[in-house]
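Scroll down for the structure; my scribbles are underneath it.
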Amino acid sequence: MPAPRPVQQGDHVFLVDGSSFIFRAYFQSMNQDARYNYRSDRLPTGAVRLFCNVLHKMVREGVMGNKPTHLAIIFDKSEESFRKEIYPDYKAHRPPPPAELVPQFPLMRDAVRAFGLKPVEQIRYEADDLIATYCRIACEAGADVTIVSADKDLMQLIRPCVVMFDPASGDQKAKGSRPERIIGEAEVMEKFGVPPAKVVDVQALAGDSTDNVPGVPGIGVKTAAQLITDYGDLETLLARAAEIKQEKRRQSLIDNAELARISRQLVKLVDDVQLEVPLDDLVAPGLDARGAIAFLKAMEFNTLTRRIAEDAGLDPAAIEPDETLRIPPGEAPGGAPAAVVAVAVATPEGGAVAVATMEAARPDAGPPPARRVEEVKAALTAVPVDVAAYETVGSLEQLERWIAGAFDAGLVAFDTETTSLDALQAELVGFSLALAPGRACYVPLGHRDKADLFGAGLLPGQVPAAEALARLKPLLEDPSVLKIGQNIKYDALVMGEQGIRIAPQDDTMLMSYVLDGGLGSHGMDELSERHLGHKPIAYSQVTGTGKARISFAEVPIDRATAYAAEDADVTLRLWQLFKARLVAEGMVPVYETLERPLVAVLARMEAAGIMIDRQILSRLSGDFAQGAARLEAEIHALAGETFNVGSPKQLGDILFGKMGIPGGRKTATGQWATGADVLEDLAAQGLELPRRIVDWRQITKLKSTYTDALPGYVNPRSGRVHTSFALAATTTGRLSSSEPNLQNIPVRTEEGRKIRTAFIAAPGCKLISADYSQIELRVLAHVAEIPQLRQAFEDGIDIHAMTASEMFGVPVEGMDPLVRRRAKAINFGIIYGISAFGLANQLGISREESGAYIKKYFERFPGIRDYMDATKADCRANGYVSTIFGRKCHFPAINSKNPSERSFVERQSINAPIQGSAADIIRRAMARMDAALAGAKLSARMLLQVHDELVFEAPQEEVEAAMPVIAAVMEAAPEPALKLRVPLRVDARSAGNWEEAH
DNA sequence: CGGTTCACG
DNA sequence: GACGTACGTGAACCGA
């Protein structure tokens, strides 16, 4: 450390706001390739790396030609600022820092020391107060000061001897949305409308929602600036408040004078802190190259290590890494549950995981997660949703202020309003932004005059859409600003149509799904009621329903603002809660690896769509129509009367009433049951009519659900069919597909398979279908640890034949197909939570016989009964079961008094970990697929997921290269989080259509 | 809008 | 010992 030297005229003091820098660096790091963000032992280091780069540059080159003579890196000591003593809610609703950032706080300080500097921090004071104090002392000594920060709260310090420098994306090649810049008096005037000395007065009136400074309700920066300019300062204004003409404003100022004074105290920086480290001690070092290299090597920052070594003429290999920065292996796990640690330690994406453990090990990581959740909950309703006043943005200037606010906050809740639920057909009508609870706006773009019959007339008071979107794009694409949405895949698709990406993003619907899957739906209205105790304005309330329903474009703008801004506000509040809960409940790895990455993946798949051959479908429709007509005539003849063949009620009456066929069964509602199983039974007795009904039903089903309906889903712009995948719809973690459902395209019958030939590859391309073989049985073999099953999968033996062989003692060679079929049914039954009744039904045998099979099965595979019993007990004790990757499936009815309901839930709880683990595996494969294909220089793209199958489209010439890449990603999907005890196998085929590829 | 049926995994 | 059943989906159609 260099010797102290008094600051004097001509010196240049650099004051770096370390705390705000950390957050910036973190969000920036989130946008780069994940492997740069972790050390080889999964310690998250991305923010530290960016911090070191800038620190190095500052020491070496200075800023804007000025090199520092004195340099202080200043941090917030803790959250217990003296401001909390004045106003307990100060910074109260700050979300907790991202989990991956937490272990980096102490590393930042280590970095500062390694560069030969002293991190400066003082209890009770924020970094800003220390900066203010150093600033005053330096100016009094006649030196110049550069404050390195982007925090607007520091702007009050600017004066002739003080400038601010915003490193923003400074040394990145990033686009020019936020160039690095010097902030002087002119820039402060521009932002606050007053000179720096009066900034605190403006902030006292306008408040600051990110820090929870209350201000005076109804007064924003603009009004505040006007008032301060008119009256000179805050005290004069408050003294003469009675003179103000606008009634509401006058009253608000009179009522809230004290609040304004408190606010001023909160924003006014203290510049007479008793400094523990005198300014004179902070002499800028010549770089301590050896110390820096030891640190950088320990962090594994190779590029910067090399650069510094070169500059200093040192051999980096000769310098030992600083091993004190290694976390001893025994220290990490802390008190985390063993299961979580096991998942965590190995997850590649899961720096997050390493973090959960790290947090426990670091005493200075902030309040414990559970307390944090309570704090967030308490703060959430500080500004009730009901009374929040939302802003309608009617000018570009206004929009720019909100966008700047989002950049400052580093996060924004975002929501689009459109004319359609189909994102790819929807027209954008407006969007809303929320920056803090109660602070939200709506930006109308395409609201039309309802009275204008020609529909062209845009209502006045809206921002020109093209220009608004041009302003919005840099925000939505900026890596340092987190975009928060409720079902943000929809908004991503809508914005994608405008050529705008949304990244990075978080989704409250998915957070809720991870936290509370099985405990209710994850729609926003319900989440708001459940967690915020607030019922938001319903969509139908603004658009009406049924015949009177209007397009959102016709909703009056004030109504639209109330609705849309509230949605963004609610989304933001939910995010704060869920973010804290994910940490507290140990669900960060599940969210980060199984949910968050899937948003972009599915958006791409949906946008890609799949090509269909309409000619094939129309020909099939014709064939089916003929077949159905012929069958219908025969059915009427056999019945002796015409009736609606599609009516189960009429059919039941004819079969079991008029014709008096015995052995009918009734459904829950007392109607005659006429399902295929019943009709098949009757057909087996030699009856003609039921056979024809079954055939008729099959044909009409294929016609109405597929061949007739699919062409109607072709998007006119792309000429392809775009399904919508739901990520948060099932109780097990599976996806679902709708409009159209492309996960139930026929395959089991020959007639049905013809429909698959209509799903085709684009010209010059092929479809590739890759599916997991027996994935659920393999998962079962893994979780229940069944040695015979494991061995069979290891050896690649026919699993159903093996089961039959074990149970009935017959050799696999030359096995009776009927015996194998029974074993297969039992295997599936096991996965479904077997019952004698169900198995008997499936096999058409007696319950006694099926019960004997099950007994036999459990004798041969006792591990499976143990697994089932353990799973049920687990569910009863916790109310949920977990997949092998830690996804929770809640079953609150597990302890139901109703025996039938209870056994139903027990079967669900047995099935869920198996089905859900398989779903997790394919999700992991999907999350990695695009990067793997791109890494192999392949342009193949994923189009569909059908639970255990992925469908791709690839240029003909790369099909052979793509298939092994796809299979490898799928087969290795559980790793490295888990190594299954059984191998996974994937079969991949290619062809011009889906039928042949499958 | 609930019930029934049937397409898929 | 009663109770209705295989697990998970979405779409079409009927009939109130």
Side-chain angles (χ1 to χ4, degrees), chain A residues 518 643-652 665-680 693-694 696-710 712-713 723-726 729-749 751-753 755-756 771-772 774-777 780 825-843 847 850 854 881 889 891 896-916 918-919 922 944-949 994 998:
Chain A
F643 68 103
N644 185 346
V645 184
S647 165
K649 187 172 149 59
Q650 293 181 30
L651 175 65
R665 175 162 59 84
K666 300 254 179 125
T667 68
T669 52
Q671 263 196 58
W672 290 111
T674 66
D677 52 340
V678 175
L679 299 182
E680 291 285 358
I693 301 277
V694 169
W696 180 89
R697 279 189 182 163
Q698 192 202 17
I699 289 182
T700 53
K701 173 86 175 178
L702 296 178
K703 182 170 184 289
S704 68
T705 307
Y706 302 102
T707 57
D708 286 353
L710 281 171
Y713 287 104
T723 184
S724 174
F725 288 106
T730 69
T731 47
T732 57
R734 271 194 178 180
L735 306 183
S736 79
S737 156
S738 62
E739 290 182 48
N741 181 355
L742 296 186
Q743 291 181 322
N744 72 345
I745 301 304
V747 71
R748 290 173 186 172
T749 66
E751 287 296 286
R753 276 197 294 277
I755 291 166
R756 289 202 169 211
D771 67 306
Y772 284 107
Q774 308 283 11
I775 188 166
E776 292 191 353
L777 278 175
L780 175 70
I826 293 171
N827 276 334
F828 277 103
I830 294 294
I831 289 170
Y832 297 153
I834 201 152
S835 75
F837 186 95
L839 182 63
N841 245 358
Q842 181 67 32
L843 287 175
R847 269 164 82 168
S850 70
I854 293 169
V881 289
C889 309
F891 295 102
S896 165
K897 296 268 189 299
N898 179 338
S900 75
E901 186 188 16
R902 193 173 59 241
S903 21
F904 176 47
V905 178
E906 283 174 356
R907 289 194 298 275
Q908 288 181 308
S909 76
I910 288 166
N911 171 257
I914 302 169
Q915 190 181 107
I922 197 167
L944 301 176
Q945 188 249 43
V946 193
H947 310 308
D948 64 357
E949 174 190 10
W994 196 4
H998 185 72

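Each chain gets a letter, A, B and so on, in the order its sequence line appears, and its residues count up from 1.
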Review point. Would one find a side-chain N or O of A:Thr669 under 4.0 angstrom from OP1 or OP2 of B:dT4?
Key: yes
Point to revise | Side-chain donor/acceptor of A:Asn911 to backbone N/O of A:Gly833, under 3.5 Å | key: no
Practice item. Starting at atom CG of A:Asp771, determine the distance to atom C1' of B:dC8, rounded to an integer number of angstrom. Key: 13 Å
Check your understanding: Would you say the side-chain atoms of A:Thr674 and A:Arg697 include a donor-acceptor pair closer than 3.5 Å?
Key -> yes
Practice item. Give A:Ala918 one of three labels, base, sugar-phosphate or nothing, depending on what nucleic acid heavy atoms sit under 4.0 Å from its own. Key: nothing
Point to revise | Proximal nucleotide (of B:dG9, C:dT5, C:dG4) relative to the A:Gln915 side chain | key: B:dG9
Exercise for review: Using a cut-off of strictly less than 4.0 Å, decide whether A:Thr674 has a side-chain nitrogen or oxygen near OP1 or OP2 of B:dT5.
Suggested key: yes
Exercise for review: Please work out if A:Gln650 contacts a base, only the sugar-phosphate, or nothing of the nucleic acid, heavy-atom cut-off 4.0 Å.
Suggested key: sugar-phosphate
Practice item. Would you indicate what A:Ser704 reaches in the nucleic acid, counting non-hydrogen atoms under 4.0 angstrom: base, sugar-phosphate, or nothing? Key: sugar-phosphate
**Study point:** C:dC14 phosphate, OP1 or OP2, under 4.0 Å from A:Asn644 side-chain N/O
**Key:** yes
Exercise for review: Classify the nucleic acid contact of A:Ala840 as base, sugar-phosphate or nothing, counting any heavy atom under 4.0 Å across all strands shown.
Suggested key: nothing
Study note, to complete from the structure: From CZ of A:Phe725 across to C1' of B:dG9 the rounded distance in Å is 13 Å
**Study point:** Test item: side-chain donor near acceptor, A:Glu949 and A:His998, under 3.5 Å
**Key:** yes
Point to revise | Exam field: side chain A:Arg665 to backbone A:Val678, donor-acceptor pair closer than 3.5 Å | key: no
Review point. So what does A:Glu776 touch, heavy atoms closer than 4.0 Å: a base, only the sugar-phosphate, or nothing?
Key: nothing
Practice item. Just compare B:dA7, C:dA6, C:dG8 and give me whichever is closest to any side-chain atom of A:Thr730. Key: C:dG8
Check your understanding: Under 4.0 angstrom, heavy atoms only, what part of the nucleic acid is A:Phe904 near: base, sugar-phosphate, or nothing?
Key -> sugar-phosphate
Exercise for review: Send over the distance from A:Lys649 NZ to C:dA16 P, rounded to a whole Å.
Suggested key: 6 Å
Point to revise | Gap between atoms CD1 and P, on A:Ile693 and C:dC14 respectively (whole Å) | key: 14 Å
Exercise for review: Could you state the atom-to-atom distance from CD of A:Glu906 to P of C:dT5 in whole Å?
Suggested key: 16 Å
Point to revise | Residue A:Asp948, side-chain atoms from C-beta onward, closest of C:dC3, B:dG9, B:dT5 | key: B:dG9
Check your understanding: Do any side-chain nitrogens or oxygens of A:Arg734 fall under 4.0 Å of OP1 or OP2 in C:dG8?
Key -> no
**Study point:** Nearest-angstrom distance, P atom, B:dG3 to C:dT5
**Key:** 13 Å
Point to revise | Separation of C:dC7 C1' from A:Ile910 CD1 (nearest whole Å) | key: 10 Å
Practice item. Consider the side chain of A:Ser738, meaning its heavy atoms from C-beta on, and name the nucleotide among C:dC7, C:dT5, C:dA11 that approaches it most closely. Key: C:dA11
**Study point:** Any A:Ser647 side-chain nitrogen or oxygen under 4.0 Å from OP1 or OP2 of C:dG15
**Key:** yes
Practice item. Could you measure between the two P atoms, the one in B:dC6 and the one in C:dA6, and give it in whole Å? Key: 13 Å
Exercise for review: Would you indicate what A:Pro746 reaches in the nucleic acid, counting non-hydrogen atoms under 4.0 angstrom: base, sugar-phosphate, or nothing?
Suggested key: sugar-phosphate
Exercise for review: Please confirm whether the backbone N or O of A:Ser737 pairs with a side-chain atom of A:Gln743, one donor and one acceptor, at under 3.5 Å?
Suggested key: yes
Review point. Could you state the CD-C1' distance from A:Gln671 to C:dA16, rounded to the nearest angstrom?
Key: 11 Å
Review point. For C:dG10, does OP1 or OP2 lie under 4.0 Å from any side-chain N or O of A:Ser736?
Key: yes
Review point. Looking at A:Arg748, does any N or O in its side chain come under 4.0 Å of the phosphate oxygens OP1/OP2 on B:dG9?
Key: yes
Review point. With both distances under 3.5 angstrom, what nucleotide forms a Watson-Crick or G-U wobble pair with C:dC3?
Key: none
Check your understanding: So which nucleotide from C:dG8, C:dA2, B:dG9 ends up closest to the side chain of A:Val946?
Key -> B:dG9
Check your understanding: Would you say a side-chain N or O of A:Thr705 is under 4.0 Å from OP1 or OP2 of B:dT5?
Key -> no
Review point. Reckon A:Ala919 touches a base, only the sugar-phosphate, or nothing at all at heavy-atom distances under 4.0 Å?
Key: nothing
Exercise for review: State, yes or no, whether a side-chain contact exists between A:Ile775 and A:Ile914 at a heavy-atom distance under 4.5 Å.
Suggested key: no
Exercise for review: Tell me whether the OP1 or OP2 atom of C:dG8 has a side-chain N or O from A:Gln908 closer than 4.0 Å.
Suggested key: yes
Practice item. Measure from NZ on A:Lys701 to P on B:dT5 and round the result to the nearest Å. Key: 12 Å
Exercise for review: Identify whether any heavy atom of A:Arg665 sits under 4.0 Å from a base atom; if not, whether one sits that close to sugar-phosphate; answer base, sugar-phosphate or nothing.
Suggested key: nothing
Review point. Taking only side-chain nitrogens and oxygens of A:Arg907, does any of them come within less than 4.0 Å of OP1 or OP2 of C:dT5?
Key: no
**Study point:** Proximity to the side chain of A:Asn744 - top-ranked nucleotide from C:dC13, C:dT9, B:dC8
**Key:** B:dC8
Review point. Hey, are A:Glu776 and A:Arg734 close enough for a salt bridge, meaning a charged N less than 4.0 Å from a carboxylate O?
Key: yes
Review point. Does the side chain of A:Ser896 come under 3.5 Å of the side chain of A:Glu901 through a donor N or O and an acceptor N or O?
Key: yes
Practice item. Considering just the side-chain nitrogens and oxygens of A:Thr667, establish if one lies under 4.0 Å of OP1 or OP2 belonging to B:dT4. Key: yes
**Study point:** Candidates C:dG4, C:dG10, B:dC8 - which lies nearest the side chain of A:Asn741
**Key:** C:dG10
Exercise for review: Select base, sugar-phosphate, or nothing to describe what A:Ile745 touches, counting heavy atoms under 4.0 Å on all strands.
Suggested key: sugar-phosphate
Review point. Does B:dT5 have OP1 or OP2 sitting under 4.0 Å from an N or O in the side chain of A:Gln698?
Key: no
Review point. Closest nucleotide of DNA chain C for A:Ile831 versus for A:Ala709: which of these residues is on the 5' side?
Key: A:Ile831
**Study point:** Backbone of A:Asn741 reached by a side-chain donor or acceptor of A:Thr723 within 3.5 Å
**Key:** no
Check your understanding: How is A:Gly833 classified with respect to the nucleic acid when contacts are heavy atoms under 4.0 Å: base, sugar-phosphate, or nothing?
Key -> nothing
